[in-house]
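This report refers to the structure that appears directly beneath it.
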Amino acid sequence: MAKGIIKVKAKTSGEKTKVKLMAKHIMESGQRKDKKTGEMIPAMFLKELKVMHAGKDVFMANLGTAISKNPYFAFNFAGGTKGDELTMTWVESTGATGTEIAKIK
Amino acid sequence: MSMNRRSVIKVIATGGALIGASVLMPRIAMAAWTTKAFEAEDQATAMNELLGSAVEESAEVTLKAPDIAENGAVVPVTIRSSMAGVEAISVFVEHNPTPLVAEFIIPEGTDADVSTRLRMGKTSKVTAVVKANGKFYSASKEVKVTIGGCGG
């Protein structure tokens, strides 16, 4: 887990912070066949995603395999100032997890 | 005798704590990834497993999705609600192999306004369910998926 997979654009308007984030992930559904071997490719997808701001959860998602490749999410939350940190935690279906930090602009 | 009484009180106290914990449990379980709901192969089962309650259609839930999606692999959707006290939003695609797409937990302070992108195997009804004040409200929309990719 060297590099982060989540790209975040978070902008505050003073009252609200708009967050757009995209995770670089294949979101393998487990329903595709490997063209060469004819075997099913096992599912591998992001299962959970949590965004925290100032020690408080601002967004949580439980995901299934029908979320597109490179999942994209947008939401707004009250508060947040320029320079604040957002902490993203994700869990993959394989059990792998990661935590990344992004700043509000 | 007094020792005995004390231990009885102790037992009652711990029992009480346990009851308290079990009352809190469903809340915690709600937030977790519900395997049964995500793996359900029809929408009714998925809804039942995830929500466990009746769903009522409401004009206060807005589901924004394209009428025609040329590429079923990336279907942008936005779910909004003007209701107060929204706790969670879930999305279902009826004709997908597993209809439950995602469940979003909306903590206090976060708007009931979430956008994402879905995968759709074929033309299907997309349903958004908003949980507000412990009740469930929904909005649906038929999204046509063209496989040809030439714009139909």
Side-chain angles (χ1 to χ4, degrees), chain A residues 9-10 12-13 15-32 40 43 45-80 84 86 89-95 97, chain B residues 28-41 43 46 49-50 64 69 71-80 86-122 124 126 143:
Chain A
K9 271 189 187 170
T12 179
S13 64
E15 287 171 14
K16 272 182 189 176
T17 302
K18 230 180 181 173
V19 185
K20 288 181 188 171
L21 61 91
M22 195 183 198
K24 202 172 182 324
H25 198 281
I26 186 159
M27 297 297 282
E28 193 60 66
S29 69
Q31 289 168 18
R32 284 200 314 157
M40 297 299 271
F45 56 97
L46 292 181
K47 235 176 151 173
E48 285 168 46
L49 177 71
K50 190 165 91 170
V51 183
M52 279 176 91
H53 168 255
K56 188 178 165 275
D57 292 338
V58 291
F59 183 75
M60 275 177 282
N62 292 322
L63 310 171
T65 52
I67 287 285
S68 296
K69 180 175 168 183
N70 297 337
Y72 166 83
F73 304 101
F75 63 95
N76 314 309
F77 68 90
D84 279 4
L86 292 176
T89 313
W90 51 265
V91 181
E92 199 181 60
S93 59
T94 54
T97 65
Chain B
I28 298 159
M30 279 294 283
W33 206 81
T34 36
T35 310
K36 270 189 184 167
F38 275 102
E39 286 178 357
E41 288 174 3
Q43 186 161 315
E49 289 291 349
L50 185 74
K64 216 173 109 188
N71 184 0
V74 185
V75 183
V77 293
T78 300
I79 304 114
R80 281 197 196 105
V86 173
E87 297 155 47
I89 296 174
S90 47
V91 186
F92 300 83
V93 175
E94 196 176 11
H95 293 145
N96 265 8
T98 50
L100 176 58
V101 176
E103 181 195 18
F104 303 108
I105 314 292
I106 311 294
E108 214 185 311
T110 299
D111 290 345
D113 180 352
V114 176
S115 302
T116 188
R117 293 175 187 156
L118 332 169
R119 270 193 188 126
M120 288 181 66
K122 56 183 168 193
S124 168
V126 178
V143 176

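In what follows, chains carry the letters A, B, and so on, assigned in the order in which the sequence lines appear, proteins first and then strands, with residues in each chain numbered from 1. The shown structure was predicted, so the numbers you read here are calculated from the model rather than taken from an experiment.
Of the possible donor and acceptor atoms, none in the side chain of B/Ser115 sits under 3.5 Å from a partner among the backbone N and O of A/Phe73. One N or O on the side chain of A/Ser68 and one on the backbone of B/Ala73 form a donor-acceptor pair closer than 3.5 Å. With hydrogens and angles disregarded, a donor-acceptor distance shorter than 3.5 Å links the side chain of A/Lys56 to the backbone of B/Glu108.
The two atoms that bring B/Thr110 and A/Phe77 nearest to each other are OG1-CB, 3.5 Å, heavy atoms only. Of all heavy-atom pairs between B/Ala102 and A/Leu63, the closest is CB-CD2, 3.9 Å. Taking all atoms of both residues into account, the shortest heavy-atom contact from B/Arg119 to A/Ser29 is NH1-CB, 4.0 Å. For B/Pro107 against A/Phe59, the heavy-atom pair with the smallest separation is CG-N, 3.9 Å. A pairwise comparison of heavy atoms in A/Ala66 and B/Asn96 identifies CB-ND2, 3.4 Å as the closest pair.
In this structure, the separation between CG on B/Asp111 and NZ on A/Lys18 is 10.0 Å, given to the nearest 0.5 Å. Atom-to-atom distance recorded for A/Ile67:CD1 and B/Thr116:OG1 is 4.0 Å, nearest 0.5 angstrom. One finds the CE atom of A/Met60 at 9.5 Å from the CD atom of B/Glu103 (value rounded to the nearest 0.5 Å). We find the OG1-CG distance between A/Thr65 and B/Leu100 to be 9.5 Å, quoted to the nearest 0.5 Å. Annotation: the span from A/Gln31 atom CD to B/Thr98 atom OG1 amounts to 6.0 Å, rounded to 0.5 Å.
Using a 4.5 Å cut-off between heavy atoms, A/Thr17 does not touch chain B at all. For A/Lys16, the part sitting under 4.5 Å from any heavy atom of chain B is the side chain, from C-beta outward, and nothing else. Residue B/Val91 does not touch chain A at all, counting heavy-atom pairs closer than 4.5 Å. For B/Val93, no part lies near chain A; criterion is any non-hydrogen pair under 4.5 Å. At a 4.5 Å heavy-atom cutoff, the contact between A/Met22 and chain B is made by side-chain atoms alone.
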Determine whether B/Trp33 and A/Val91 satisfy the following criterion, side chain to side chain contact (heavy atoms under 4.5 Å, CB included), listing intermediate values before the conclusion. CA-CA 10 Å; B/Trp33 206 81; A/Val91 181; over 6 Å; no
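Under the rule for a side chain to side chain donor-acceptor pair (under 3.5 Å), the partners of B/Asp113 that lie at least two apart in sequence or sit in another chain are B/Arg80.
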